[in-house]
J.: 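One structure, pasted below without further comment.
Heads up: numbering here begins at 1 and tracks the sequence.
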Amino acid sequence: MSRLTNQSQKIRIAVVGDVHDLWEEEDEIALNHLGVDLVLLVGDFGNESIEVVRRVAEMALPKAVILGNHDAWYTASDWGRKQCPYDRRKEDRVQQQLDLLGTTHVGYDKLEFPDWKLTVVGGRPFSWGGPVWKNEEFYRQRFGVSSFAESTDRIVTAMTQATSETLILMGHCGPTGLGDQAEDPCGRDWNPIGGDFGDPDLAAAIDQARGMGKQIPLVVFGHMHHHLRHTKTCLRTPIVVDAHNTVYLNSASVPRILRREEGDLRNFSIVTLQEQAVVQASLIWVDQEFQVTSEQILFDSQDSLV
């Protein structure tokens, strides 16, 4: 029986945190060396960086993508539009990115992987996180959404249409409910320090999915970088596991490529699924020879949270 159809086999997923213009041909080569089955990219490719998104879109590996706040940096907000370096009357770079990604962009949508009996569902694209509904005009014009409640409905609709009972959820920002300390996965690490800055609509959609009997082994996101702004004495907590055994993974180890005289290092989060459950999650660094130079085990089902 093939790897794709044997549910006792392990599915190896790479989660790519905030790219911020650091995506190269070598990244796809590294992913092939790592033997991953699926790549999940959680956005912030750059400030509406069309060429970076083009390179991601051209990657041959199975993938799902959600765009982040930087991917609408000059379009979503009044401040951004005032800073825009190009003529927005002649170019729509947000739409260009969406067109390049096509069906692989799962914001307010889904992507089926029937061989694995998995559906990847996206939360609100271009999210800045936080408890206040931002960029009203942008979301109303682009998506017909005017509130967190309407946003939740869009996510739940995608969940309802999923053919699988097992869902992997993607957001640029994670859901509320993962802690209100600055060091928590979606915690506020700028003044005033502290507070849960996750997405309320994603959290509400997760609750509704469970009410529908859906299984959610994994929720992936980025946005809040591992390196904290208010202190250098610790890093952000990258992972939380809830009472439903859902693993919430913040993959934003930024910068994701380190330039060194002896050769670049690049990071990926690697998640292993078996029998529709996460059995391990880690953060790895790969060198210029595509060899793993370090691996930090973040979760192991045999040991619980590491």
J.: Please name all residues satisfying side-chain hydrogen bond (donor to acceptor under 3.5 Å, both in side chains) with Asp196, sequence neighbours left out, ordered by chain then number.
T.: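 None.
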J.: Which other residues belong to the hydrophobic cluster containing Leu22, where Ile, Leu, Val, Met, Phe, Trp and Tyr are joined when side-chain heavy atoms lie under 4.5 Å apart, directly or via other members?
T.: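 Reading the cluster by chain and number, Leu22 sits alongside Ile257.
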J.: Members other than Trp73 in its cluster, when Ile, Leu, Val, Met, Phe, Trp, Tyr link by side-chain heavy atoms under 4.5 Å?
T.: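 Listed partners: Tyr74, Trp79, Tyr86, Trp128.
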J.: Mark yes when over 12 heavy atoms from residues, nucleotides or ligands other than Lys82 sit less than 6.0 Å from its NZ; otherwise mark no.
T.: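 Not more than 12 within 6.0 Å, no.
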J.: His226: which residues meet the ring-ring contact (aromatic ring centres under 6.0 Å, His included) condition with it, sequence neighbours left out?
T.: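 Partners of His226 under the ring-ring contact (aromatic ring centres under 6.0 Å, His included) test: none.
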J.: For residues 197-208, which side-chain donor-acceptor pairs fall under 3.5 Å, sequence neighbours excluded?
T.:
{"residue": "Asp199", "atom": "OD1", "partner": "Arg124", "partner atom": "NH2", "Å": "3.2"}
{"residue": "Asp199", "atom": "OD1", "partner": "Ser127", "partner atom": "OG", "Å": "2.9"}
{"residue": "Asp199", "atom": "OD2", "partner": "Ser127", "partner atom": "OG", "Å": "3.0"}
{"residue": "Asp201", "atom": "OD1", "partner": "Arg124", "partner atom": "NH2", "Å": "3.0"}
{"residue": "Asp201", "atom": "OD2", "partner": "Arg124", "partner atom": "NE", "Å": "2.6"}
{"residue": "Asp201", "atom": "OD2", "partner": "Arg124", "partner atom": "NH2", "Å": "3.4"}
{"residue": "Asp201", "atom": "OD2", "partner": "Ser151", "partner atom": "OG", "Å": "2.5"}

J.: May I have the list of side-chain donor-acceptor pairs in residues 169-178 shorter than 3.5 Å, sequence neighbours left out?
T.:
{"residue": "His172", "atom": "ND1", "partner": "Val42", "partner atom": "O", "Å": "2.8"}
{"residue": "His172", "atom": "NE2", "partner": "Asp44", "partner atom": "OD1", "Å": "3.4"}
{"residue": "His172", "atom": "NE2", "partner": "Asp44", "partner atom": "OD2", "Å": "3.2"}
{"residue": "His172", "atom": "NE2", "partner": "Asn69", "partner atom": "OD1", "Å": "3.0"}
{"residue": "His172", "atom": "NE2", "partner": "His223", "partner atom": "ND1", "Å": "3.2"}

J.: So, using ring-ring contact (aromatic ring centres under 6.0 Å, His included) as the criterion, who are the partners of His227 when residues are at least two apart?
T.: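 Expected list: none.
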J.: Can you list everything that forms a side-chain hydrogen bond (donor to acceptor under 3.5 Å, both in side chains) with His33? Sequence neighbours excluded, please.
T.: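 If we apply the side-chain hydrogen bond (donor to acceptor under 3.5 Å, both in side chains) test to His33, skipping adjacent residues, there are no hits.
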J.: If the condition is side-chain hydrogen bond (donor to acceptor under 3.5 Å, both in side chains), which residues does Thr75 pass it with, not counting sequence neighbours?
T.: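 Partners of Thr75 by the side-chain hydrogen bond (donor to acceptor under 3.5 Å, both in side chains) criterion, ordered by chain and then number, come out as Glu48.
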J.: Checking Phe45 now: which residues fulfil ring-ring contact (aromatic ring centres under 6.0 Å, His included) with it, not counting sequence neighbours?
T.: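 Partners of Phe45 by the ring-ring contact (aromatic ring centres under 6.0 Å, His included) criterion come out as none, since no residue qualifies.
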J.: In the hydrophobic cluster built from side-chain contacts under 4.5 Å, what are the other members alongside Leu228?
T.: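 Cluster partners of Leu228: none, it stands alone.
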J.: Listed by chain and number, what are the ring-ring contact (aromatic ring centres under 6.0 Å, His included) partners of Trp285, not counting sequence neighbours?
T.: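 For Trp285, no residue satisfies ring-ring contact (aromatic ring centres under 6.0 Å, His included) once neighbours in sequence are set aside.
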